[in-house]
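For reference, the structure discussed in these notes is given below.
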Amino acid sequence: MVRSRHRRAALAAAILLVAGRAAFAAVDDDAARCRSAIALQATSFADTVLRHMITCEQGRMRAAFAADAACSDPDAAGFPANGAAVIESATSALASRIARACADVSPSELGYTACPPPCDGSASSLASFADVASCLACTVRGASSDAIVELFGTTPPVLGRSSAAERCQTRFVAASVRSYVRAVLRIRKLCQAKEDAGVTAGVDCATADATGAIAAAGARLTAAVARCSAADLALLTSCASSVAGEQSCARAAGDAMADDVFALVRPQAVTGSGCAADDFLDLSGAPGAGAGYPAPALAASCTAGEVVVTSNSIPPYTFVQTTPNALVANQATYRFPQSPVVAASTTSIPLLGVAAVAVNGLPIFGPNEAQFPDPFGDPVANAILDECLGHTAFAYHYHALRVQCLTQAGLVAEPWTLADPPSDEPSPVIGYAFDGFPIYGPYGCSDAACSTVVEHLSSWDNVGYESLDCTSSAQCSADFTCAPSMIDGAARNACVPTTYAWTNNAYRAKADARYLDQCNGHYGPGGDYHYHATSTFPYVLGCYRGTPTSNGGQP
Amino acid sequence: MRIAALVGLAAASSLLSGCAPTSGSPPPTEIRYELGWRAQGASDAASASGGWQVTNDLGYRVRVERGYVVSRSMELVECPRDARAPSAALAWLAGALGPSLAHAGHSSLQPNPAAITTPLVESLTAPRQLVAGRVAVVPQAYCRAHYLVARAERDARDLPADVDMVGKSLLLEGSYLAPGATDPVAFRVATSTANGALLDLAAPGAPPSPGSRAYDGAAGVVRVTIERDRAHLFDGIGFASASEQDVARRVLGNLIAHTRVAVVAGPRG
């Protein structure tokens, strides 16, 4: 059985077409209409290409066309001219109909970033839906070619018009596979439309068959192939020599083509459902905050284009009372976009209150306190946080993030006692900003192959410092404290003001790729935008790069 | 929540507060914060250098030869609003007139007038009862006390001359003798880690004691004593296998776990 480069390329497409977290559940109406159009056009185009390839093969077997006709390649010289013209026309129609349906959507909203090889020559980056259509056409042609070669072999015999074997090959096998592919794609299109509309949630339409319709289509294919005989198959160069074998390989060829086409309709991550909710921790085994406190509770899901996180704001680790504010359960719900988009301009994070949520469901505030005790001071520099860099006000919250406290392995009583994560491994997702972009720990890959891992650094410099390289706050003036700070792009101890953190830090862009932008984020090697937690101000977010959903923070 | 209080008489009086004293208002109450130590189980070390020693629950005999701990802040914390008012109407009034709970670091209202926030460095080798500070407040209903150990700043009281405690919350030097060992091993721990306790002035679930809600015009001074326990500082520490940071964290945790608060009200004088 030939499993060609196109199958592998389509699988690669499923990986490479991911932009951050691809939308799996509901999207907005425009995006849903766009995807539905892509699904419809892809199904129609695949059917057209298959039909004419089968017609070509049938003509070759009936000696109506030259025996060396290249029936798996519509661009080849031997392919029947009228079939080639129809496919060319269908290619143009594919592009124009997708462009019309997707006029108000950007490819990145549906997870398109780059077209994988061998179709990267047709559209290496998917910046427009013309690019998407070109990539789709190329990949569907390739998937069809694979299926045809699988079913007919590279040189099917010339058997004449009345041959039972030819009838077996073209009608009972190939045409049935074509019908099967059409049915599967239509069923998956309907499934995806429900997901996009929010009628269902969390269904993976690449594999789901809730009504059994795909199984029924497979049964029809199997029944059709059963009309072939072993004697027929013995004369053919098809994928099997027995009826049972032919039923199996025909079904497999149909599944492979349907999978390849649908992977381009809905790009997906290789693992997981693609919903950001997958990044949130399972707290069921967490030790909790200590005796007398409620157990931590967290739920995260994707619905109607949003990620919804609910938490009772209880830490999963031992609580340390560094403020006079008691730790109490505070039921909170946070919402943010499932498919974040970089906005035309940045948005400030709230000066007070919640700006993001950690993967353990606890809120993340900005890099400043309120009026008291040190007016709008830096809480990390002022050392008023516990060892997970959080504390209580009306609820427990973070001002900076520590990776050990935010992983599944860190669900122990005292995660701050765990070893620092290795600096040669990219950090995991540890939170989500309310514009939907993920927050990683400080380490990230320097290139797509992750040949090196670097620590990402804040581009915010402390501009209010009075002296450098202090070893103790005793060396600092009143209202200054000795703390690690970014000074002209270098991390150094400095006597920095205890108040007005935003005033005493300034963003200064730096050319080195390790440095982050004003919002404390960047485009990673895969083209996805995300933030990093850093060891210096602003620690998590400097601003929102996308459009945030309001979750109650005060500007 | 830990119950750690011995309440003699209550610390507060009237349910309405937050306004500047006017004629007819109750006179301000003085809150006097004191720090003390319990030492049962710890014995003074018989040496020229002084210090003290204790055997912990793992059998380690620990000797402290020099040590400091920084009491960063202490404050009485108001009762929750529904516990302060005997009726819904008064609860509303209390909320309208009374100061809100001071959510440290995030309050957009006033700081807690009952708080002492100047760090104070205490010797662990010559522990003593001392007055940490005094504040005058319009009488409130207080249900809890918060005590925080955190790093000293340059304005801390009683900074020692023999070691730099600025930026540190705890420093300990001494030696330990492991169970069955014959030679003591020196140790030194220093940390800037913070830890604190929020201590109930009444049993959990019970209303504040009658004294804490009743106005007592004769109660001029409320003495709040934060009492720590030297004897349990090293519980659970297997020195031989513990890092410096582990020892420091555990010492601070033990300090906080065995902290109690005692509140006694007395007449002016």
Side-chain angles (χ1 to χ4, degrees), chain A residues 290-293 318-328 351-354 365-366 368-379 382-387 390-395 397 399 413-414 416-417 419 470-483 493 495 498 554, chain B residues 1-3 72-78 80 100-112 114-115 117 143-156 159 164-169 191-200 204 242-243 245-246 249-250 252-253 256-257 259:
Chain A
Y293 295 110
T318 301
F319 173 66
V320 174
Q321 188 82 55
T322 58
T323 75
N325 308 305
L327 177 66
V328 294
L351 181 63
L352 298 175
V354 61
F365 284 27
N368 60 272
E369 286 296 299
Q371 288 91 334
F372 305 107
D374 301 299
F376 303 100
D378 182 327
N382 292 346
I384 57 172
L385 305 172
D386 63 23
E387 292 198 74
H391 62 184
T392 48
F394 58 87
H397 60 275
H399 285 282
E414 298 182 342
W416 47 87
T417 63
C470 51
T471 56
S472 165
S473 295
Q475 301 162 348
C476 307
S477 304
D479 298 327
F480 284 73
T481 187
C482 185
N493 280 352
C495 288
T498 59
Q554 302 174 40
Chain B
M1 197 68 71
R2 260 189 336 274
I3 299 174
R72 175 73 174 255
S73 68
M74 56 211 81
E75 59 194 286
L76 290 180
V77 179
E78 294 175 33
S100 297
L101 287 172
H103 301 296
H106 297 284
S107 172
S108 59
L109 305 172
Q110 309 164 27
N112 184 359
T117 56
C143 284
R144 289 171 173 161
H146 182 247
Y147 170 64
L148 177 67
V149 171
R151 71 182 195 189
E153 302 296 345
R154 61 190 305 280
D155 63 342
L159 283 168
D164 180 11
M165 281 300 295
V166 175
K168 298 184 184 65
S169 58
T191 186
S192 60
T193 300
N195 206 327
L198 191 61
L199 308 162
D200 288 324
S243 68
Q245 195 64 9
D246 290 341
R249 285 190 183 114
R250 187 57 66 96
L252 280 180
I256 293 300
T259 293

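By convention in this document, chain letters (A, B, ...) are assigned in the order of the sequence lines, proteins followed by strands, and residues within each chain are numbered from 1.
Relative ring orientation between Phe319(A) and Tyr293(A) is described as perpendicular, the plane-to-plane angle rising above 60° on a 0-90° scale split at 30° and 60°.
Heavy atoms closer than 4.5 Å to chain B are found in the backbone of Ser477(A), but not in its side chain. Contact annotation for Asp164(B): only side-chain heavy atoms (C-beta onward) come within less than 4.5 Å of a heavy atom of chain A. With a threshold of 4.5 angstrom between heavy atoms, Ser192(B) does not approach chain A through any atom at all. Neither the backbone nor the side chain of Ala483(A) comes within contact range of chain B, judged by heavy atoms closer than 4.5 Å.
In this view, Ala156(B) and Pro119(B), Val121(B), Ala152(B), Leu159(B) satisfy the side-chain contact (heavy atoms from CB on, under 4.5 Å) rule, not counting sequence neighbours.
Between the CZ atom of Arg249(B) and the OG atom of Ser243(B) there is a distance of 7.0 Å, given to the nearest 0.5 Å. Rounded to the nearest 0.5 Å, atoms CG (Asn325(A)) and NE2 (His391(A)) are 8.5 Å apart.
For the residue pair Thr392(A) / Thr323(A), a side-chain donor-acceptor distance below 3.5 Å is found, with atom types taken as modelled. Judged purely by distance below 3.5 Å, without hydrogens or angles, the side chains of Ser73(B) and Thr117(B) never pair a donor atom with an acceptor atom.
For the options Thr417(A), Asp386(A), Val320(A), heavy-atom pairs under 4.5 Å to chain B are most numerous at Val320(A). Between chain B and the options Gln475(A), Glu414(A), Glu387(A), heavy-atom pairs under 4.5 Å are most frequent for Glu387(A). Chosen from Asn195(B), Thr193(B), Val166(B), the residue pairing most often with chain A at heavy-atom distances under 4.5 Å is Val166(B).
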